[in-house]
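Structure first, commentary second.
All values below come from the heavy atoms of this structure, side chains included, with hydrogens, waters and symmetry mates left out. Counting from 1, the numbers follow the sequence of the chain as shown. First listed ligand is number 1; within each ligand, the first listed atom is number 1.
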Amino acid sequence: MITARGLTKRYGDTTAVDAIDFTVKPGSVTGFLGPNGAGKSTTMRMVTGLDHPTSGTVTVNGRSYRDHPAPLHEVGCLLEAKAIHGGRSAYNHLLWLAKSNGISRGRVDEVIGLVGLEDVAHKRAGAFSLGMGQRLGIAAALLGDPGVLLFDEPVNGLDPEGIRWIRTLIRNLAADGRTVFVSSHLMSEMALTADHLLVIGRGKILADTNMADFIARNSTEHVLVRSPHAARLTAELRAKGWQVEAADDNALTVYGASMEQIGDVAGSHGLFLYELRQVQASLEEAFMRLTADSVEFHAGRPAEPAPAPATAGSPANLTTAGV
Ligand SMILES: Nc1ncnc2c1ncn2[C@@H]1O[C@H](COP(=O)(O)OP(=O)(O)OP(=O)(O)O)[C@@H](O)[C@H]1O
């Protein structure tokens, strides 16, 4: 279990992490999301004792990282891939870590097997590919068989096989009852990996909720309709008070109405439909809506259809912090 209370980190005038409270529980994967510069890495560094909070506390199983007599048995972390001595072999790197933490040589062989590095264990780690470097970093994190694991951007730069391997490993670690805290910018990956989400923006917690609730609360579901009578159908749907946007190929995006309601309107005016489909919101869409005000830099982007206007109580207005 990881517990933060009033956790704050300032660098000069910059408040990287601003008095946040959260708990990361065992038995599930908690995804840590936020735009660039939101404070994710700073938070993770404070959890693992690499940075001191300016104020507040963060503990792992009730104690701060530095107060654990054998921290590798408590917390494993993959914070920066390839932060190792490049001239050493993978085996010697792990053996050195094991020896300095009272861990047996047998466990080194075990973790090398777990991450699939047997064939290259005696090669120079400096010559490792990104994927092999990630596997070595994970082997080091698992060395002390810790109950709490932190992964900062674990799939960055990996190929699909490597991504799938890490996803399965992370899910299995949580299924074993461990506390697993993972940051990633890859929304599609996070949607497949995390059960719970912690979203941070400009150093503050914007949401602390399970995946399904997060998507439901922070996105607008809509219906896609395609009809050869798109213009007439648009007029009839708008007359009902629903918002309609035209898309390509006689397609319309309709907000505020169900598929049945749209089908009924079309039928009652004798308008043919070629397609009628509920569009599920994605984690990416939900994340973009929630963090729109928190991003540091906005790049110029191609014109997109405007999102549905936010009305009182609409999902765009909801903040799920503390749920
Ligand atoms: N050592 C440091 N000195 C000064 N400012 C820092 C330092 N580390 C982080 N910051 C600032 O603190 C803020 C949070 O940075 P942090 O790296 O924690 O964000 P992040 O969410 O991990 O971002 P990214 O997704 O880009 O990695 C940023 O404004 C960053 O510039």
Check your understanding: Mind checking whether P35 has a heavy atom under 4.0 Å from ligand 1?
Key -> yes
Review point. Can you tell me if M44 has a non-hydrogen atom under 4.0 Å from ligand 1?
Key: no
Check your understanding: Is it true that the side chains of H196 and D208 contain a donor and an acceptor less than 3.5 Å apart?
Key -> yes
Review point. Under 3.5 Å, is there a donor-acceptor pair linking the side chains of Y274 and D249?
Key: no
Point to revise | ligand 1 versus S183: contacting region, heavy-atom distance under 4.0 Å | key: neither
Give the atoms of ligand 1, by number and element, whose distance to some non-hydrogen atom of [X] is under 4.0 Å.
| X | result |
| --- | --- |
| N36 | 23 (O), 24 (P), 25 (O), 26 (O) |
| K40 | 18 (O), 19 (O), 20 (P), 21 (O), 22 (O), 23 (O), 24 (P), 25 (O) |
| H185 | 25 (O) |
| R45 | 8 (N) |

Check your understanding: Which one of H185, M187, M190 satisfies the side-chain contact (heavy atoms from CB on, under 4.5 Å) criterion with F287?
Key -> M187
Review point. Between G34 and ligand 1, is there a nitrogen or oxygen pair with a distance under 3.5 Å?
Key: no
Review point. Below 3.5 angstrom, do we get any N/O pair linking T42 and ligand 1?
Key: yes
Review point. If you measure from the Lys or Arg side-chain nitrogens to the Asp or Glu carboxylate oxygens, is any gap between D18 and R202 under 4.0 Å?
Key: no
Review point. For atom 17 (O) of ligand 1, which of S41, G201, A16 has the closest heavy atom?
Key: S41
Side-chain donor-acceptor pairs under 3.5 Å in residues 155-164, sequence neighbours left out?
{"from": "D159", "atom 1": "OD1", "to": "E161", "atom 2": "N", "distance (Å)": "3.4"}
{"from": "D159", "atom 1": "OD1", "to": "G162", "atom 2": "N", "distance (Å)": "2.8"}
{"from": "E161", "atom 1": "OE1", "to": "R135", "atom 2": "NH2", "distance (Å)": "3.4"}

Check your understanding: Should the heavy atoms of other residues, nucleotides or ligands under 6.0 Å from CD of E284 be counted, would the total exceed 12?
Key -> no
Check your understanding: Which residue pairs pass the salt bridge (Lys or Arg N to Asp or Glu O under 4.0 Å) test with at least one member in residues 180-200, sequence neighbours excluded?
Key -> R167-E189, R171-D195
